[in-house]
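Below: one structure, written as structure tokens.
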Amino acid sequence: MSTNYWLFKSEPGAYSYDNLVNDGVAEWDGVRNFQARNFLRDEVKIGDKILFYHSNASPPAAIGTAVVVRSGYPDHTAWDPVSDHLDPKSTPKNPIWYMVDIEPEGQFARFVTLREIRDDDRLGAMMLLRKGSRLSIQPVTREQFEIICKMGDSC
DNA sequence: GCCAACGTTGGC
DNA sequence: GCCAACGTTGGC
């Protein structure tokens with residue numbers, strides 16, 4: 001199976017790329033959107049490459065890359081009573097939500113801002129640029145991944 | 001099944 | 001802080 005490419009959003013105030021570097025590996029928990037869940041459960045595979053994007057940041061930007069080290073498995077925070085992501089409808093026997101594990105690959109030498117992505121004609125098809133697109137796990141093409149990586153002086 | 005109300009996301 | 005767009009909830 002070939003490598004797929006993704007964009008993962010995170011608010012740096014909640015979990016930044018620095019947090020990921022410090023942790024070494026992260027359980028990508030707390031995704032509570034069905035479309036994103038389906039990607040995590042069914043399509044995000046070990047070895048897939050991730051553009052790590054800071055949303056709700058100033059400026060919003062792609063910060064670096066990461067790699068998937070464990071494919072979809074049930075998000076146990078859904079039945080953790082002290083978790084912010086508790087969802088009583090999800091149980092160990094019938095999990096609703098899924099997560100993957102990721103590791104950082106490298107921060108970009110320079111961040112690639114949303115503005116720069118929007119201004120590049122080659123990236124016009126990205127889901128990120130669609131009006132009202134709030135999906136936190138988005139597929140990107142290999143070409144889009146590599147263009148942004150180059151814009152970040154890191155490929 | 002419809003749809004209004006509500007909560008969240010996320011750029012600006 | 002504002003607010004548009006979206007997803008979810010719940011009454012009917």
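Predicted model only: the values in this text are computed from it and were never measured. A, B, ... follow the sequence lines: proteins, then strands. Residue 1 opens every chain.
- Comparing B/dG11, C/dA5, C/dT8 by their nearest atom to the side chain of A/Asn56 picks out B/dG11.
- Following rounding to the nearest Å, A/Leu114 (CG) and B/dT9 (P) show an atom-to-atom distance of 18 Å.
- Remark: A/Arg37 is not positioned above the aromatic ring of A/Phe39, lacking an NZ or CZ atom under 6.0 angstrom from the ring centre and at most 45 degrees off the axis.
- Computed from coordinates, the A/Gln35 CD to C/dT8 C1' distance equals 15 Å when rounded to whole Å.
- For A/Arg134, taking side-chain heavy atoms from C-beta onward, the closest of the listed nucleotides C/dA5, B/dG11, C/dT9 is C/dA5.
- No contact: A/Arg130 has no heavy atom under 4.0 Å from any strand.
- In this structure, the CG atom of A/Leu7 is 13 Å from the C1' atom of B/dG10, given to the nearest Å.
- Where A/Lys89 and A/Gly132 meet DNA chain C, the nucleotide closest to each residue was compared, and A/Gly132 sits on the side nearer the 5' end.
- The phosphate of B/dG11 (OP1 or OP2) has a side-chain N or O of A/Tyr53 nearer than 4.0 angstrom.
- For A/Asn33 and B/dG10, the CG to C1' distance is 14 Å, given to the nearest whole Å.
- If you check the side chains of A/Asp23 and A/Tyr15, you find a donor sitting under 3.5 Å from an acceptor.
- Using modelled atom types and a 3.5 Å distance limit, the side chains of A/Trp28 and A/Asp101 yield no donor-acceptor pair.
- Atom NZ in A/Lys9 sits roughly 17 Å away from atom P in B/dT8 (whole-Å rounding).
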Margin query: I'd like to know whether A/Lys49 forms a salt bridge (Lys or Arg N to Asp or Glu O under 4.0 Å) with A/Glu105, so could you lay out the CA-CA distance, the side-chain angles of the two residues, the decisive distance to 0.1 Å, and finally the verdict.
Written below: CA-CA 9 Å; A/Lys49 304 283 193 176; A/Glu105 280 205 315; 3.0 Å; yes

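- The CZ atom of A/Phe8 sits 17 Å away from the P atom of B/dT9 (whole-angstrom rounding).
- Between A/Met126 atom CE and B/dG11 atom C1' the separation is 16 Å, expressed in whole Å.
- In this structure, A/Lys131 atom NZ and C/dC6 atom P are separated by 8 Å, rounded to whole Å.
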